[in-house]
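Protein chains get the first letters and strands the later ones, always in sequence-line order, with residue 1 at the start of each.
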Protein chains: 2
Amino acid sequence: MANNTDGQTKRTSTFREKMIFAEQYCAKNDLQFTPVRRKVLELLLKSDRALGAYELLDLLREVGFKPQPPVAYRALEFLIKYGFAHKVEHLNAFVACIHPGKEHSPAFMICRSCDSVSEMDTLRSDSMLAENLISQGFKVEEAVIEARGLCEACADVEVK
Amino acid sequence: MANNTDGQTKRTSTFREKMIFAEQYCAKNDLQFTPVRRKVLELLLKSDRALGAYELLDLLREVGFKPQPPVAYRALEFLIKYGFAHKVEHLNAFVACIHPGKEHSPAFMICRSCDSVSEMDTLRSDSMLAENLISQGFKVEEAVIEARGLCEACADVEVK
DNA sequence: GATAAGATGTTATATCGTAACATCCTATAG
DNA sequence: CTATAGGATGTTACGATATAACATCTTATC
């Protein structure tokens with residue numbers, strides 16, 4: 001299938017495109033996209049599961065870093081603050097964001113069979129939710145949705 | 001205002017009514033509503049905030065129990081399993097459920113100012129959400145919504 | 001009164017997360 | 001070229017959350 005030089009092909013953005021986006025976003029906004037931060041984002045992007053902080057620490061060690069826990073948590077804090085990653089609260093674990101740069105409240109689909117986590121494109125449901133809550137007198141500033149169930153692949157397999 | 005003998009008055013159910021409901025539900029379903037479980041539910045019902053497991057342990061100690069962590073976690077596991085309580089993942093803390101016995105995915109409104117947690121009556125939004133996710137090939141089995149923002153009281157106060 | 005299931009007691013430890021302070025790096029002013 | 005200031009990282013130590021594993025007790029039933 002398409003490589004990066006094929007500007008015509010329709011597809012979601014690639015790993016490399018996301019890294020380049022992060023790079024440029026940081027440059028534009030005077031943010032330091034340091035080696036640890038870059039590596040953590042790479043690891044999250046390459047994983048189809050959410051990764052725990054200590055798991056990330058192990059992976060960082062495998063590629064030559066010698067980080068203590070605060071290093072991972074600080075990198076994650078940075079990535080989350082600027083919209084490159086989210087925390088999945090049900091798992092105490094972290095995932096790369098699918099549309100960094102855009103304001104949004106994330107919604108996750110967590111497969112109970114294969115543990116994959118995918119982020120829903122949920123700009124629409126945001127507003128439904130907010131309206132709903134506002135109607136009860138609550139002023140929503142941010143909202144997170146986490147759904148557990150079966151992803152398409154695992155639902156196909158399960159005969160039950 | 002109304003006491004329990006006033007069957008006509010419209011209001012949400014009282015602490016005592018909820019305890020009686022739990023009692024009867026357990027009796028009907030051969031579940032043991034033991035002293036620790038009862039006390040933990042009482043404590044959650046009486047609190048307007050979510051309570052952490054270790055906070056509950058302290059409160060249990062104040063009333064004569066001498067529990068180690070697993071005791072609290074087991075009581076909570078029971079209450080959650082049978083729909084009397086929920087875990088608020090953003091807070092690593094627990095709240096009593098507002099409508100036990102009914103199948104539902106909870107939605108919480110967490111006030112960033114006063115820390116109050118209230119559960120939204122969200123049977124409707126459930127289905128909206130499920131439809132939305134199903135459309136992306138994911139089979140939702142349960143979903144949790146957690147919104148942060150300002151409760152009505154705190155929004156009124158805040159002049160900003 | 002034997003037995004089995006569920007509940008609780010208890011110890012120890014795993015897992016997740018952060019406070020606090022030292023050090024380093026880099027940009028910019030003097 | 002130093003000085004210095006802010007942000008980033010290194011490091012130690014610990015706090016907070018959660019559970020595994022096994023012992024004991026309680027209760028219902030045979």
Taken in chain and number order and not counting sequence neighbours, the residues that satisfy ring pair (Phe, Tyr, Trp, His ring centres under 6.0 Å) with B:Phe78 are B:Tyr82
Nearest whole angstrom, please: distance from the C1' of C:dG6 to the NZ of B:Lys81. 11 Å
Which whole-number value in Å describes the distance from A:His90 NE2 to C:dC16 C1'? 17 Å
Taking B:Phe21's backbone N and O only, do any of them form a donor-acceptor pair with B:Gln24's side chain (distance below 3.5 Å, no angle check)? no
SB check B:Glu42 B:Lys39 (cutoff 4.0 Å): yes
Mind listing the closest non-hydrogen atom pair of A:Phe94 and A:Leu44 along with its distance? O-CD2, 3.4 Å
Listed pairs under 3.5 Å, donor-acceptor, residues 83-90 of chain B side chains, sequence neighbours left out:
{"unit_1": "B:His86", "atom_1": "NE2", "unit_2": "B:His104", "atom_2": "NE2", "d": "3.1"}
{"unit_1": "B:His86", "atom_1": "NE2", "unit_2": "B:Glu119", "atom_2": "OE2", "d": "3.2"}
{"unit_1": "B:His90", "atom_1": "ND1", "unit_2": "B:Glu146", "atom_2": "OE1", "d": "2.3"}

For A:Glu141, what residues pass the side-chain hydrogen bond (donor to acceptor under 3.5 Å, both in side chains) criterion, not counting sequence neighbours? B:Arg112
Looking only at heavy atoms, the pair that brings B:Pro106 and B:Ala143 closest together is CD-O, 3.8 Å
Could you give all pairs that pass the salt bridge (Lys or Arg N to Asp or Glu O under 4.0 Å) test and reach residues 21-37 of chain A, with sequence neighbours left out? A:Glu23-A:Arg38
Any N/O pairs under 3.5 Å between the protein and nucleotides 16-20 of chain D? List them or say none.
{"unit_1": "D:dA18", "atom_1": "OP1", "unit_2": "B:Lys87", "atom_2": "NZ", "d": "2.4"}
{"unit_1": "D:dA18", "atom_1": "OP2", "unit_2": "B:Tyr73", "atom_2": "OH", "d": "3.0"}
{"unit_1": "D:dA18", "atom_1": "O5'", "unit_2": "B:Tyr73", "atom_2": "OH", "d": "3.4"}
{"unit_1": "D:dA18", "atom_1": "N7", "unit_2": "B:Tyr54", "atom_2": "OH", "d": "2.7"}
{"unit_1": "D:dA18", "atom_1": "N6", "unit_2": "B:Tyr54", "atom_2": "OH", "d": "3.3"}

I need the CG-C1' distance between A:Leu57 and C:dT15, as an integer number of Å. 12 Å
Could you check how far CD of A:Gln68 sits from P of C:dA20, rounded to whole Å? 18 Å
Nucleotide by nucleotide, nucleotides 22-30 of chain D touches protein heavy atoms under 4.0 Å in the pattern (B base, S sugar-phosphate only, - none) ---------
Closest heavy-atom pair and its distance - B:Phe33, B:Ala22: CZ-CB, 3.8 Å
In whole angstrom, give the distance that lies between atom NZ of B:Lys39 and atom P of C:dT8. 15 Å
Throw together a table of side-chain donor-acceptor distances under 3.5 angstrom for residues 50-69 of chain A, partners on residues two or more places apart or in other chains.
{"unit_1": "A:Glu55", "atom_1": "OE1", "unit_2": "A:Gly52", "atom_2": "N", "d": "3.0"}
{"unit_1": "A:Glu55", "atom_1": "OE2", "unit_2": "A:Arg49", "atom_2": "NH1", "d": "3.4"}
{"unit_1": "A:Glu55", "atom_1": "OE2", "unit_2": "A:Arg49", "atom_2": "NH2", "d": "2.6"}
{"unit_1": "A:Asp58", "atom_1": "OD1", "unit_2": "A:Arg61", "atom_2": "NH1", "d": "3.3"}
{"unit_1": "A:Arg61", "atom_1": "NH2", "unit_2": "A:Pro67", "atom_2": "O", "d": "2.7"}

Atom pairs, N/O to N/O, protein against nucleotides 22-24 of chain C, distance under 3.5 Å?
none

For B:Glu142, enumerate each residue passing the side-chain contact (heavy atoms from CB on, under 4.5 Å) test, keeping only those at least two apart in sequence or located in another chain. A:Arg148, B:Ser105
Measure from CZ on A:Arg37 to P on D:dG7 and round the result to the nearest Å. 11 Å
Measure CG/A:Leu79 against P/D:dA8 and give the value in whole Å, please. 12 Å
Within this structure, what is the NZ-to-P distance between A:Lys66 and D:dT11, rounded to whole angstrom? 10 Å
